Amino acid sequence: MTSIHYYHAHVYYDAESMPLAKQLCESAVALFPAIKMGRMHQKPVGPHPDWSCQLTIPTAMMGEVMGWLALNRKALVLFIHPLTGNALQEHRDAAIWMGKVRPLKLDLFL
């Protein structure tokens with residue numbers, strides 16, 4: 001069995017929804033100080049098809065944080081995956097989506 005080191009929650013947005021995404025991410029960090037917030041990207045980064053901000057969530061907190069994100073994400077799409085050391089499996093097989101599933105650029109991991 002592979003161990004999960006952390007989870008990443010990628011909050012997707014565009015120019016119009018960026019303030020809402022920033023508010024969601026900053027609120028998550030304020031409520032759960034162990035969460036680390038990445039940059040607010042204004043272009044697609046890595047395998048992600050949209051602008052995004054990454055939240056790094058400790059594994060032990062994932063249940064509580066998932067519930068909070070589900071209730072507070074409003075119309076934002078979230079892509080969540082574990083960090084195990086196998087990026088392809090994390091993004092393809094272990095993905096959790098909140099909102100509309102978006103096409104990832106998985107060829108980056110082949």
Side-chain angles (χ1 to χ4, degrees):
M1 181 169 153
T2 303
S3 64
I4 298 172
H5 306 291
Y6 289 93
Y7 281 86
H8 279 166
H10 300 274
V11 179
Y12 290 167
Y13 52 89
D14 57 19
E16 184 178 326
S17 60
M18 186 173 178
L20 183 61
K22 184 176 183 187
Q23 179 184 19
L24 177 71
C25 292
E26 289 176 347
S27 294
V29 171
L31 187 59
F32 305 102
I35 292 176
K36 303 297 181 216
M37 178 179 163
R39 292 187 303 240
M40 301 287 301
H41 295 284
Q42 295 184 47
K43 64 179 182 178
V45 175
H48 306 287
D50 303 310
W51 299 5
S52 64
C53 180
Q54 174 181 289
L55 298 174
T56 301
I57 304 165
T59 302
M61 298 178 65
M62 193 55 187
E64 183 179 10
V65 174
M66 282 277 292
W68 185 88
L69 289 170
L71 294 175
N72 291 281
R73 70 177 183 85
K74 301 192 168 99
L76 295 168
V77 172
L78 277 65
F79 169 69
I80 303 163
H81 65 86
L83 285 143
T84 64
N86 184 333
L88 179 60
Q89 182 183 24
E90 294 163 5
H91 289 77
R92 182 188 63 200
D93 305 328
I96 302 164
W97 288 92
M98 290 186 185
K100 185 177 181 180
V101 175
R102 303 283 295 124
L104 297 175
K105 300 170 192 161
L106 296 175
D107 59 327
L108 294 175
F109 303 123
L110 299 176

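Predicted model, so just to flag it, every value in this text is computed and none were measured.
Tyr6 and Leu31 fall into different hydrophobic clusters, where Ile, Leu, Val, Met, Phe, Trp and Tyr residues are linked whenever their side-chain heavy atoms come under 4.5 Å apart, directly or through other members. Note: the hydrophobic cluster containing Tyr12 does not contain Leu108 (ILVMFWY, side chain heavy atoms under 4.5 Å, direct or indirect links). Transitive grouping of hydrophobic side chains (ILVMFWY, heavy atoms separated by less than 4.5 Å) brings Val101 and Val77 into a common cluster. Under the 4.5 Å side-chain heavy-atom criterion for Ile, Leu, Val, Met, Phe, Trp and Tyr, Leu78 and Ile4 are members of the same hydrophobic cluster. Under the 4.5 Å side-chain heavy-atom criterion for grouping Ile, Leu, Val, Met, Phe, Trp and Tyr, Val11 is connected to Leu69 within one hydrophobic cluster.
Atom CG of Asp93 is separated from atom CG of Leu88 by 6.5 Å, given to the nearest 0.5 angstrom. Summarising the geometry, atom SG belonging to Cys25 is positioned 5.5 Å from atom CE belonging to Met40; distances are rounded to the nearest 0.5 Å. Between atom CZ of residue Phe32 and atom CD of residue Glu64 there is a gap of 4.5 Å, rounded to the nearest 0.5 Å. Lys36 contributes atom NZ, which lies 13.0 Å from atom CD of Gln54 (distance to the nearest 0.5 angstrom). Note that the CE atom of Met66 and the CD1 atom of Ile96 stand 4.5 Å from one another [nearest 0.5 Å]. Residue Asp50 holds its CG atom at 11.0 Å from CG of Leu76, rounded to the nearest 0.5 Å.
Counting heavy atoms from C-beta outward, Thr56 and His8 have side chains that approach closer than 4.5 Å. Side-chain atoms of Ile80 and Tyr7, non-hydrogen and from C-beta on, do get closer than 4.5 Å to each other.
Within a 6.0 Å radius of NZ in Lys105, other residues, nucleotides and ligands contribute more than 12 heavy atoms. Atom CZ of Phe109 has more than 12 heavy atoms from other residues, nucleotides or ligands within 6.0 Å.
A distance-only check finds no donor-acceptor pair linking the side chain of Gln42 to the backbone of Trp51 [under 3.5 Å]. For the pair Glu90 (side chain) and Asn86 (backbone), a donor-acceptor distance under 3.5 Å is present. Of the possible polar contacts, one joining the Tyr13 side chain to the Ser52 backbone as a donor-acceptor pair under 3.5 Å is found.
Taking the six-membered ring for Trp and the full ring otherwise, the centers of Trp97 and Phe79 sit less than 6.0 Å from each other.
Closest heavy-atom contact between Ala28 and Leu55: CB-CD1, 4.1 Å. Between His5 and Ser3, the shortest heavy-atom contact is CE1-OG, 3.6 Å.
Classified by interplanar angle (parallel below 30°, tilted 30° to 60°, perpendicular above 60°), the ring pair His10/His81 is parallel.
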